[in-house]
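What you see below is based on every heavy atom in this structure, not just the backbone, and it leaves out hydrogens, waters and symmetry mates. Lettering follows sequence order; numbering is per chain, from 1.
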Protein chains: 2
Amino acid sequence: MNEHVAKDGMKAGAGSRGDLAAAKALVEARLAALVPAAPAAQPELGEAMRDALLSGGKRLRPLMCMAATADLGADPASAVDAGSAIEFVHAASLVLDDLPCMDDAAMRRGRPTIHLAHGEDLAVLTAVSLLTGASEVLADIEVLPCQTRLACVRMLASATGAQGLCAGQFADLRGGRGPRDGASIAAANDLKTGSLFRVSVGFAGLIAQADAATRERLDGFARSLGLAFQLMDDLLDQSGRPSLSGKDCGQDAGKSTMVTVFRRGAAEDQIRGHIGEAKQCLETLFGPKSRLGDLVDMIVAHGEALRGPGMGRRTTVANDLPDIQAAAR
Amino acid sequence: MNEHVAKDGMKAGAGSRGDLAAAKALVEARLAALVPAAPAAQPELGEAMRDALLSGGKRLRPLMCMAATADLGADPASAVDAGSAIEFVHAASLVLDDLPCMDDAAMRRGRPTIHLAHGEDLAVLTAVSLLTGASEVLADIEVLPCQTRLACVRMLASATGAQGLCAGQFADLRGGRGPRDGASIAAANDLKTGSLFRVSVGFAGLIAQADAATRERLDGFARSLGLAFQLMDDLLDQSGRPSLSGKDCGQDAGKSTMVTVFRRGAAEDQIRGHIGEAKQCLETLFGPKSRLGDLVDMIVAHGEALRGPGMGRRTTVANDLPDIQAAAR
């Protein structure tokens, strides 16, 4: 299970930075190839979809899917399209989250949000087209058996809908307006960020045909990482430095998040705790060194670099994330 | 191929009215069973989904899917869940079409639209949850082989996204603001209404494993019926009688539709022409009598009854459609 397969995009033995950069380049190329085409008479729809999907981003979810697939001993190249489908859904969710009726955001990845650039009606249609495009991508992965593709479709749909992202977004929008305790904020964060992180490793489990115990432990890893990641995002929002995050800051003003409910220092403690849990899952599964472990290190370093000095070890991560200013979330 | 299978919900030999009523009851029961559940902490999301999916409607698309499956000699009961998945997408598309940034509608099926009843944010999340719920329903149809389920997922996703409903809605919103010729209106109508009609018979072709020529002819049938249906809807919108249509009238004011571009009488002529083409497809495939033919007759009678005297033969259709006032579109 800990055997690494040498493939383009995630070569065994190469340094982890080089691995991640190569994998990210592969993902970008596939996203550009897979982005849905619009009819010739509606070029604006195609443009808006490309804008939403191909304007930067860390591509964490496809990278996580590929890393987990490699860690499980299967070919990470077989996970690129499946991971890309998750990125379709992630991009769609950002378009919808930014809408005036949701977070009413003006900036994302250093650019105007999709509804400001293309109109609110087209933003909604863009999100729907990316959501359905994800199902098409999964259905078309010919290197995977039919049963695996269908299980992926089901898992992604379930994580996106009323038991996943949508429930998390609703809990965050409506629940966040009043006071919340830590447990209910964590539950919302788990749905909102954890859902697609869990799909990312869940797909790997399906592709590599991992046993139930392994898949369950990977699921726990993704849940912990998701909680840490959402806390990092909340801290960044509070920092008020849009030049770093690439998006509006202070969006959470008046909303109850972990950072407003607890002290900032306590939030940092929680991040460290969740990262520790996530790494413990990986060590149990793969030993001290794994592709997913490298990815976690990159996420932690990236978060610390963005949050600035005093928040933890300051690290130069420019080589890992050349588009650091435009890549937040 | 013309052999009818006796099954609950669409009994061979029973009168066509009884057939359709039984099939509709079966669809309603399945929709109520299949509507996605929301987490206990977000009951509002579950309520909004039930409101969007279970508040009336003619259920034309599932009925068409079942009728076509029976006409092709397969068990229509095996098409109920697949047809229900199409209805999920149809319901989601109505929620989105009604949004302030789209048609800004206040009434649908005689009730306040979802965004007015539940808030705009929840309306968007409801639509997404129904869209993803459709994929889950299809993935879970255990009576169908894996390949068929996957082909259904692909077909429905493709018909919903950038090459289907979304493109049609965009063409209608933006293109409709300026002058359009008949061909471009027909192209938009084909995408907007034809897409899911074509999926309805397309699913039947997949379920019954029909040959390519049969599937192509059925596709032509659905395209013609979709064009006729959209014209009926445009005429109804212009009639200004919301008590009959159950939704806002005059929504198309200032928009170029077939009815504004041509005379009303010419639109009626076009409806008759498209219905004639649709029936010709059915006769070639199934002879003079078919389940789909019965459904077309019901649609035509229903449309004429709603449009009122002088528009064609006046028919009492109350027994076919007991919820006629609440069932438009």
For [X], is it the side chain, the backbone, both, or neither that has a heavy atom closer than 4.5 Å to a heavy atom of chain B?
X         : value
Ala167(A) : both
Leu173(A) : side chain
Leu131(A) : side chain
Ala188(A) : neither
Met155(A) : neither

Which one of [options] has the most heavy-atom pairs closer than 4.5 Å to chain B?
options                                    : answer
Gln147(A), Gln163(A), Met49(A)             : Gln163(A)
Ala41(A), Cys101(A), Pro36(A), Gly161(A)   : Cys101(A)
Ala187(A), Cys146(A), Ala139(A)            : Cys146(A)
Ser158(A), Ala123(A), Ala171(A), Pro145(A) : Ser158(A)
Val124(A), Val128(A), Leu150(A), Thr126(A) : Leu150(A)
Leu125(A), Leu99(A), Leu45(A)              : Leu125(A)

**Smallest separation among heavy atoms of Arg174(B) and Gly119(A), with atom names** = NH2-CA, 4.0 Å

**Asked** Given the options Leu130(B), Leu96(B), Leu122(B), which has more heavy-atom pairs under 4.5 Å with chain A than any of the others?
**Response**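 Max contact count across the listed options: Leu122(B).
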
**Asked** Looking at Met102(B), Glu136(B), Glu120(B), which has the largest count of heavy-atom pairs under 4.5 Å with chain A?
**Response** Glu136(B)

**Item:** Pairwise distance CG(Asp103(A)) to CG(Asp121(B)) - rounded to 0.5 angstrom
**Value:** 10.0 Å

**Item:** Distance in Å, Leu165(A) CG paired with Thr160(A) OG1, rounded so as to fall on 0.5 Å steps
**Value:** 5.5 Å

**Asked** If you measure only the distance, is there a donor-acceptor pair under 3.5 Å linking the side chains of Ser55(B) and Asp51(B)?
**Response** yes

**Request:** Compute whether any side-chain donor of one residue and acceptor of the other, for Ser93(B) and Asp97(B), lie under 3.5 angstrom apart.
**Result:**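 Per modelled atom types, Ser93(B) and Asp97(B) side chains form no pair under 3.5 Å.
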
**Asked** Is the closest side-chain heavy-atom distance between Cys152(B) and Leu206(B) below 4.5 Å?
**Response**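 A side-chain contact exists here, since the closest heavy-atom pair is under 4.5 Å.
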
**Message:** Looking at Asp81(A) and Arg149(A), is any side-chain nitrogen of the basic one under 4.0 Å from a carboxylate oxygen of the acidic one?
**Reply:**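 Not counted as a salt bridge, because no side-chain N and carboxylate O are separated by less than 4.0 Å.
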
**Asked** Can you list the steps and then say if Asp233(B) with Lys192(B) is a salt bridge (Lys or Arg N to Asp or Glu O under 4.0 Å)?
**Response** CA-CA 12 Å; Asp233(B) 202 58; Lys192(B) 223 186 135 175; over 6 Å; no

**Prompt:** Among Leu60(A), Ile86(A), Thr69(A), whose side-chain contact (heavy atoms from CB on, under 4.5 Å) with Ser200(A) holds?
**Reply:**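 Result: among Leu60(A), Ile86(A), Thr69(A), Ile86(A) is the only option passing the side-chain contact (heavy atoms from CB on, under 4.5 Å) with Ser200(A).
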
